[in-house]
Amino acid sequence: MFGNLSDRLAQTFKNLRTKGKLTPADIDTTLREIRRALLEADVALEVVKTFVAAVRERALGDEVNQALNPAQQIVQIVNEELIAILGGEQRRLQFAKNPPTVIMLAGLQGSGKTTLAGKLANWLKTQNQTPLLVAADLQRPNAVNQLQVLGERVGVPVFAPEPGNGIGDPIKVAKDAVAYAAKQQFTMVIVDTAGRLGIDEEMMEQARGIRDAVTPDEVLFVIDSMIGQDAVNVAKAFEDGVGITGVVLTKLDGDARGGAALSVASVTGKPIIFSSTGEGIDAFEPFYPDRMASRILDMGDVLSLIEQAQRAFDAEEAKAMAEQLAKGQFTLEDFMEQMQQLRKMGSMKAMLALMPGAAQMREQLDNFDEREIDRTEAIIRSMTPSERRDPKILNGSRRLRIAKGSGMTVTDVNSLVNRFEQAAKMMKQVSKGGMPQGMPGMPAGMGGMGMGFGGGKGKGKGKDKKKGSKSGNPAKRAADEAARLNRTKPTDGSSGNGSAFGL
Amino acid sequence: MAFEWFKKVKDKVVEAISETPVVDTSLHTDAPVAPASETIAAPEPPVATEPEPLVEIETAVETEEELLEEIEEAIEAEPEPEVVPEPEPERQLEVGQRSFASRIRSLFSGIQFDPANLDDLEDILLLADFGVDASEAIVAEVKRLASVVNAKTERELKNILISVLTNSLELPGRELNLAGEKLPYVFLMVGVNGVGKTTTIGKLASWLAEGDWEVVIGAADTFRAAAVEQVATWAKRAGAKLVGPEREGQDPASVAFTAVETAVADKADIVIVDTAGRLQNKFDLMQELSKIRRVVEKTVPVSEVLLVIDATTGQNGLLQAKAFAEVAQVTGVVLTKVDGTAKGGIVYSIQKELGIPVKLIGFGEGINDFAFFEADEFARGLVG
């Protein structure tokens with residue numbers, strides 16, 4: 001996410017980094033590039049102008065010239081200004097003094113309000129709240145139905161007295177819902193409203209009606225991160241029309257550059273509270289402005305990564321793993337366990353995208369096939385316990401048996417064993433060098449992962465050749481061997497889909 | 001005009017098929033359907049009396065080399081067509097003549113345009129999501145033309161802008177492909193989440209039904225909650241038959257396949273397949289789309305793959321078009337939601353860079369709120 005903006009700025013700054021001193025001409029060139037990058041990232045024109053002016057002023061000032069590394073200083077300024085626009089510190093949801101807390105969702109058609117309502121309800125449940133979903137979108141065909149399905153999926157009751165599809169009064173529904181929630185002791189009420197255009201006065205009037213009927217503690221403006229320059233108009237219209245208290249950015253898992261985040265925060269002055277990042281019901285997280293700014297500058301989002309890892313990683317298991325590593329024992333069983341641990345954290349792809357430098361391997365990330373993990377697992381599961389513990393005993397006939405058992409080819413088995421051996425070697429080094437603090441097992445996991453899915457494209461190549469057997473020609477065999485080693489080299493980004501993921 | 005023409009061609013094809021025992025739409029063969037092709041291409045009197053449609057028919061056919069060969073073969077083999085279509089009765093036409101320029105808000109609304117400073121024009125285009133490169137190119141062209149004809153007044157400059165936009169938005173092949181030789185015609189609707197695919201299907205199905213086409217809608221969005229019910233509501237409004245999944249989470253390709261099979265069995269004319277919204281960087285989901293296309297083509301060729309683009313979309317729209325074109329061979333774009341404050345300038349780059357024409361434009365939630373895209377009308381609407 002924000003990939004292309006990161007890439008652009010990275011390119012611009014690469015030229016700067018090599019210089020010791022900045023001339024005003026340097027600064028102008030850089031600012032032009034920043035302007036262009038921001039515009040291509042769909043940051044609103046007026047925001048770009050203010051932003052560039054602010055950066056220019058500071059860049060020409062003394063703080064840059066006196067700095068040891070002026071280029072880094074500009075990066076710093078851009079970063080600070082981005083954070084400033086994105087709203088500085090993270091803001092949490094505001095809760096009412098007397099429950100229920102009422103949250104109203106508003107936005108354009110198709111921005112993702114109904115899906116978000118489900119995700120928000122699900123998230124609130126994990127925060128020990130008892131949410132009630134309210135179906136007040138009576139406009140779009142089957143919006144009520146959709147909310148009911150979502151409610152069922154996350155186990156949250158849905159207040160839907162009206163069938164929708166143009167029938168019923170949303171203001172009355174919202175009002176009744178709050179009364180019902182108070183009586184039934186729900187702590188949270190989430191009101192899903194119909195999508196509406198900012199210029200549709202009639203519909204904005206209706207939105208105000210709902211707002212006045214339920215006096216929400218939060219009016220969240222839901223906006224698609226793929227939106228372009230119109231973000232400003234829409235945000236202003238909703239701010240003037242219903243008065244928003246916060247923003248939710250949806251579809252952030254796409255490859256949109258997401259300049260809308262900057263635009264909306266800048267023109268409304270309202271903080272972005274949540275972001276929605278995937279198809280799954282739990283693909284939803286609080287929005288962290290500082291992290292997002294780092295992400296724009298491609299410094300990676302290590303904090304988010306750690307947090308996700310901590311949520312899913314079993315501390316006990318991690319400790320046991322670290323101990324084993326310290327002893328230098330690392331078997332295919334551990335390898336598989338690690339993969340399963342990592343999986344608990346959610347989509348591998350989403351996780352990897354948070355790593356620093358992810359922008360460079362974005363394309364590979366996009367092509368990364370999560371099922372590669374399944375295949376790797378299938379191969380390991382087709383081994384006997386003794387084989388898993390000591391892969392050295394794997395001779396040709398064992399490999400053939402494993403390949404048959406897992407539905408893969410011998411080449412696949414070979415490449416997995418190869419990759420595992422390299423991983424084990426690296427584990428040893430890592431354990432000797434000591435684990436980075438705070439996250440035992442984690443870096444090992446990442447390393448193992450890199451080894452784990454190098455197959456991708458390379459495997460396809462293997463299949464084209466003779467299946468499963470080593471070539472009788474010694475020279476050809478050597479060449480094959482070399483090619484395979486090449487593929488598995490963790491630093492060689494272009495050779496396989498996943499091989500660059502290793503640390 | 002376009003609408004009228006579609007209807008006529010359709011009627012001819014249908015007649016030809018219904019009156020010719022050779023053609024059985026339920027046959028799953030690739031054999032050329034000769035009589036139908038003849039009816040379209042052979043320069044027989046009933047067709048020749050309508051010179052304008054004939055030209056369009058020829059262009060439509062020429063795009064498919066294979067088809068052309070088939071037609072030539074057919075003509076050589078049987079120079080005298082057995083089926084001569086009856087002259088068409090005049091019909092009430094509404095949709096094709098609908099104007100949409102008035103539904104677009106002008107680029108200049110609320111903006112002071114200084115004719116002396118054409119650089120401001122670049123900002124105005126940027127605000128409409130034309131993007132940096134396109135805005136620069138358009139402004140350069142306007143400046144060039146303005147100096148050639150020595151245009152100075154606001155009106156003159158705006159007219160130049162209209163003509164520059166119209167010229168660069170002109171693209172052949174904007175008509176819906178309703179002239180293939182074998183029914184049913186399959187339309188695949190694709191796009192990212194929330195752009196208005198389902199709504200567009202409702203509008204399109206209703207328009208086709210009005211033109212006496214028999215429409216089957218395949219509800220292949222088996223992912224999003226209640227998506228099937230949503231499209232079912234539209235199908236009912238439009239009077240189209242709905243083929244949905246038999247169970248939750250069914251493979252969308254199998255739903256699409258069943259829909260096409262149903263249409264073949266029912267001798268329906270058009271199948272519109274709704275697909276789940278998917279972000280273009282999701283590899284697996286994009287592969288699923290390509291599978292849907294492949295599976296459908298086992299029965300009949302896909303006539304149109306329409307990519308729905310929301311007018312509010314920014315520069316990401318180009319990436320969307322590229323990705324969808326790659327996996328699903330997009331044949332046209334549907335620009336939706338132009339009734340808001342967004343202008344949809346990104347379609348300029350999509351047309352320029354990928355050569356995919358915008359075919360339809362949507363502007364509201366009503367079942368009739370759409371029209372055929374016309375470059376000059378769009379340009380006039382934008383400049384105002």
Side-chain angles (χ1 to χ4, degrees), chain A residues 4 35-36 39-42 44-46 108-112 114-115 118 139-150 152-153 165 195 197-200 224-234 237 250-251 253-260 279 349 362 365-371, chain B residues 105 123-124 126-133 135 192-199 202 223-234 236-237 248 276-285 287 310-317 319-320 323 336-337 339-346 364-365:
Chain A
N4 300 300
R35 172 184 181 272
R36 197 186 176 88
L39 281 173
E40 287 184 358
D42 292 319
L45 185 61
E46 58 174 273
L108 291 177
Q109 291 93 340
S111 55
T114 307
T115 306
Q139 203 80 14
R140 182 167 60 94
N142 293 84
V144 174
N145 212 321
Q146 188 188 350
L147 194 67
Q148 278 166 334
V149 174
L150 283 168
E152 201 173 303
R153 211 174 278 171
N165 299 355
L197 294 166
I199 49 167
D200 188 339
D224 186 329
S225 57
M226 290 180 282
I227 194 170
Q229 294 289 328
D230 202 39
V232 169
N233 299 328
V234 178
T250 59
K251 305 177 204 172
D253 51 325
D255 56 5
R257 308 179 189 186
E279 303 267 351
K349 221 184 276 186
R362 185 154 283 103
L365 269 181
D366 290 343
N367 290 332
F368 171 60
D369 185 356
E370 304 248 351
R371 278 172 312 184
Chain B
R105 286 162 67 93
D123 283 0
I124 289 169
L126 282 173
L127 286 174
D129 290 316
F130 276 81
V132 181
D133 292 335
S135 300
V192 300
N193 316 58
V195 286
K197 282 181 295 300
T198 309
T199 308
F223 182 82
R224 205 197 63 189
V228 176
E229 289 81 353
Q230 189 184 346
V231 75
T233 308
W234 278 109
K236 208 169 150 195
R237 283 184 200 170
E248 208 177 317
R278 63 200 75 224
L279 297 177
Q280 70 276 11
N281 60 340
K282 301 287 167 82
F283 182 76
D284 293 353
L285 293 176
Q287 289 307 304
D310 183 332
T312 60
T313 312
Q315 300 307 302
N316 192 245
L319 297 180
Q320 290 173 21
T336 58
K337 308 186 194 176
D339 50 328
T341 40
K343 309 293 187 299
I346 189 63
E365 287 175 333

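To find a chain, count down the sequence lines: A is the first, B the second, and so on, and within it residues start at 1.
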Contacting region of A/Ile199 [heavy-atom separation from chain B under 4.5 Å]: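 Just the side chain, heavy atoms under 4.5 Å.
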
For chain A, the option from B/Val231, B/Leu279, B/Val195 that forms the most heavy-atom pairs under 4.5 Å: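 Looking at each of B/Val231, B/Leu279, B/Val195 in turn, B/Leu279 comes out on top.
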
Heavy-atom pair count under 4.5 Å with chain A, highest-scoring of B/Thr336, B/Thr199, B/Asp133, B/Thr198: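 If we count pairs closer than 4.5 Å to chain A, B/Asp133 comes out on top.
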
What part of [X] lies closer than 4.5 angstrom to a heavy atom of chain A: side chain, backbone, both or neither?
{"X": "B/Leu285", "result": "side chain"}
{"X": "B/Lys337", "result": "side chain"}
{"X": "B/Glu365", "result": "side chain"}
{"X": "B/Gln280", "result": "side chain"}
{"X": "B/Val192", "result": "side chain"}

CD (A/Glu152) with more than 12 external heavy atoms under 6.0 Å: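 Not buried by this count: 12 neighbours or fewer within 6.0 Å.
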
Nearest-0.5 Å distance, CG of residue A/Leu39 to CD of residue A/Gln229: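 With rounding to 0.5 Å, CG (A/Leu39) is 6.5 Å from CD (A/Gln229).
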
Contacts of B/Thr313 that satisfy side chain to side chain contact (heavy atoms under 4.5 Å, CB included) - sequence neighbours left out: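 With sequence neighbours excluded, B/Thr313 shows a side chain to side chain contact (heavy atoms under 4.5 Å, CB included) to B/Ile309, B/Asp310, B/Gln320, given in chain and number order.
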
Side-chain (A/Thr115) to main-chain (A/Gly112) donor-acceptor, under 3.5 angstrom: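 Side chain of A/Thr115 to backbone of A/Gly112, a donor-acceptor pair under 3.5 Å: no, none is there.
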
Flag, side chain of A/Asp253 to backbone of B/Asn281, donor-acceptor distance under 3.5 Å: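 Checked: no pair found.
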
Which of A/Leu45, A/Asn165, A/Leu147, A/Val149 touches chain B most, by non-hydrogen pairs under 4.5 Å: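 Of A/Leu45, A/Asn165, A/Leu147, A/Val149, A/Leu45 has the most heavy-atom pairs under 4.5 Å with chain B.
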
Closest heavy-atom pair and its distance - B/Ala311, B/Asp129: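 Looking at all heavy atoms of both residues, the shortest contact is O-OD2, 4.3 Å.
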
Test item: A/Gln109 and A/Leu197 side chains (from C-beta on) under 4.5 Å apart, heavy atoms: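 A/Gln109 vs A/Leu197: side chains touch.
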
